[in-house]
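Worksheet for the structure shown next.
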Number of protein chains: 2
Amino acid sequence: MKLEKAASQLEALGNPTRLQLYRILVRAGDDGLAVGSVQGKLDIPSSTLSHHLKRLVDTGLVTQERQATTLICRANYPGMNALIGYLADECCADAACAPAAGKALA
Amino acid sequence: MKLEKAASQLEALGNPTRLQLYRILVRAGDDGLAVGSVQGKLDIPSSTLSHHLKRLVDTGLVTQERQATTLICRANYPGMNALIGYLADECCADAACAPAAGKALA
DNA sequence: CCCAAATTTCGAAAAATATGGAAATACGAA
DNA sequence: TTCGTATTTCCATATTTTTCGAAATTTGGG
């Protein structure tokens with residue numbers, strides 16, 4: 001993971017709306033969620049949502065797949081794991097750093 | 001960890017210069033590093049560095065301690081661990097997510 | 001082909017961020 | 001106190017981000 005890429009991913013997650021959006025997709029799990037469904041949960045204009053979503057997709061944190069007219073969005077777990085790994089590389093020096101290694105969520 | 005705080009920390013790390021700065025402090029370990037020493041490694045004007053540093057301190061990712069005229073800066077490991085924990089909370093769904101739990105660095 | 005639903009792109013304005021020179025401040029030493 | 005070093009604050013500017021209405025686009029169905 002290059003510094004530039006890590007920084008762009010961190011920046012993408014560093015916006016409250018986008019972080020919330022990302023969390024929604026994580027909770028949706030492997031089924032993913034249509035853009036429209038996400039919009040219902042976030043209550044922001046579709047164009048604003050589209051911009052934020054594009055940012056997450058561009059940085060590799062979210063993937064999209066067409067299903068007819070709707071676009072299914074999914075959190076990209078490997079991408080997030082790589083980012084966490086990058087951060088952990090720098091952290092995990094002394095204090096207890098065992099970020100829920102065996103977690104089950106989505 | 002609240003979403004707002006996590007977002008502000010992610011945003012703070014989401015700038016290439018600040019991420020680099022943060023990494024430098026992590027590598028410096030518990031001894032920390034004086035602002036001036038950091039400046040030597042980054043080669044940016046002191047005022048710019050001060051702004052970035054302030055951002056990291058304000059978000060709780062870095063701490064500072066005076067030693068005479070110099071200011072020693074240290075990466076705040078617990079802070080980073082909390083952030084990683086927050087991200088891992090959302091991640092760690094399926095793929096291998098064991099971010100170097102037993103790592104020795106600084 | 002034409003329609004309706006889903007989503008993006010365009011265009012534009014407000015707000016926030018990044019950057020750095022110059023001046024100010026903090027601190028210890030002489 | 002006066003000086004010099006370390007660092008921040010002030011101020012101003014260029015750039016980027018955020019936001020969203022309106023128009024365009026995509027896709028499948030009738």
Side-chain angles (χ1 to χ4, degrees), chain A residues 3-25 28 31-76, chain B residues 3-25 28 31-76:
Chain A
L3 179 130
E4 282 291 345
K5 178 172 184 182
S8 72
Q9 291 186 332
L10 289 165
E11 185 185 49
L13 292 172
N15 172 284
T17 302
R18 279 194 301 267
L19 185 52
Q20 207 180 340
L21 161 54
Y22 182 79
R23 296 187 80 183
I24 287 173
L25 293 181
D31 291 339
L33 216 53
V35 175
S37 305
V38 176
Q39 192 185 351
K41 289 173 185 274
L42 279 181
D43 192 38
I44 57 178
S46 55
S47 73
T48 302
L49 173 59
S50 184
H51 284 306
H52 284 312
L53 213 37
K54 178 170 168 28
R55 188 86 159 257
L56 290 173
V57 170
D58 285 349
T59 55
L61 289 167
V62 165
T63 62
Q64 292 182 319
E65 178 200 352
R66 272 220 106 85
Q67 276 184 15
T69 53
T70 72
L71 246 194
I72 303 297
C73 308
R74 290 191 185 83
N76 177 21
Chain B
L3 180 130
E4 283 290 345
K5 179 172 183 182
S8 73
Q9 291 186 331
L10 289 165
E11 184 185 50
L13 292 172
N15 172 283
T17 301
R18 279 195 301 266
L19 184 53
Q20 206 179 340
L21 161 53
Y22 182 80
R23 297 187 77 183
I24 287 173
L25 293 181
D31 292 340
L33 216 53
V35 175
S37 305
V38 176
Q39 192 185 352
K41 290 174 185 276
L42 279 180
D43 192 38
I44 58 177
S46 54
S47 75
T48 301
L49 172 59
S50 184
H51 286 306
H52 285 311
L53 214 35
K54 178 171 170 25
R55 187 88 159 254
L56 289 173
V57 170
D58 285 348
T59 55
L61 289 167
V62 165
T63 62
Q64 293 181 319
E65 178 199 352
R66 271 220 105 86
Q67 277 183 14
T69 52
T70 72
L71 246 194
I72 303 297
C73 308
R74 290 191 184 83
N76 177 21

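Lettering follows sequence order; numbering is per chain, from 1. The structure displayed is predicted, hence computed values, not measured ones.
- Of the side-chain N and O atoms in B:R55, one or more sit less than 4.0 angstrom from OP1 or OP2 of C:dT17.
- Summary of the strand contacts: B:Q64 and A:G14 both lie near DNA chain D, and taking for each the nucleotide with the nearest heavy atom, the more 5' one is attributed to B:Q64.
- Atom-to-atom, CG of A:D43 to C1' of D:dT19 comes out at 14 Å; the value is rounded to the nearest Å.
- Spacing between atom CD of B:Q67 and atom C1' of D:dT5 amounts to 16 Å, rounded to whole angstrom units.
- Side chain of B:N76 to backbone of B:G60: a donor-acceptor contact under 3.5 angstrom is found.
- Between B:L56 and B:L13, some side-chain heavy-atom pair lies under the 4.5 Å cut-off.
- In this structure, the side chain of B:Q64 does not engage the main chain of B:L71 through any donor-acceptor pair within 3.5 Å.
- Distance A:L49 CG to D:dT19 C1': 12 Å, rounded to the nearest Å.
- The side chain of A:L71 lies closest to C:dT8, out of D:dT7, C:dA6, C:dT8.
- Rounded to a whole Å, the CD1 atom of B:I44 is 13 Å from the P atom of D:dT7.
- Regarding B:L21, its CG atom lies at a distance of 13 Å from the P atom of D:dT7, rounded to whole Å.
- A donor and an acceptor atom sit less than 3.5 Å apart, one in the side chain of B:S47 and one in the base of C:dG21.
- Rounded to whole angstrom, the span from the NE2 atom of A:H52 across to the C1' atom of C:dT8 amounts to 15 Å.
- The side chain of A:T48 contributes an N or O atom lying less than 4.0 Å from OP1 or OP2 of D:dC20.
- Both A:N15 and B:H51 lie close to DNA chain D; mapped to their nearest nucleotides by heavy-atom distance, the more 5′-ward contact belongs to B:H51.
- Within the 4.0 angstrom heavy-atom criterion, only backbone atoms of the sugar-phosphate kind lie near B:T70; the bases stay farther away.
- Distances were taken from every side-chain heavy atom of A:S50 (C-beta onward) to each of C:dT9, C:dG28, D:dT18; the shortest belongs to C:dT9.
- Residue B:P45 places its side chain closer to C:dG21 than to any other of D:dT8, C:dA6, C:dG21.
- The side chain of A:E11 sits closest to D:dT17 out of D:dT19, D:dA6, D:dT17.
- The side chain of A:R18 places an N or O atom within less than 4.0 Å of a non-bridging phosphate oxygen (OP1 or OP2) of D:dT18.
- Nearest approach of A:A12 to A:R55, heavy atoms of both residues: CB-CG, 4.2 Å.
- In this structure, B:L49 and B:V38 have side chains that are in contact, with non-hydrogen atoms separated by less than 4.5 Å.
- Closest approach to the B:T17 side chain among C:dT7, D:dT8, C:dT19 is made by C:dT19 (side chain taken as heavy atoms from C-beta onward).
- Per the geometry, CG belonging to A:L13 stands 12 Å off P belonging to D:dT18, to the nearest Å.
- Rounded to a whole Å, the CD atom of B:Q39 is 14 Å from the P atom of D:dT5.
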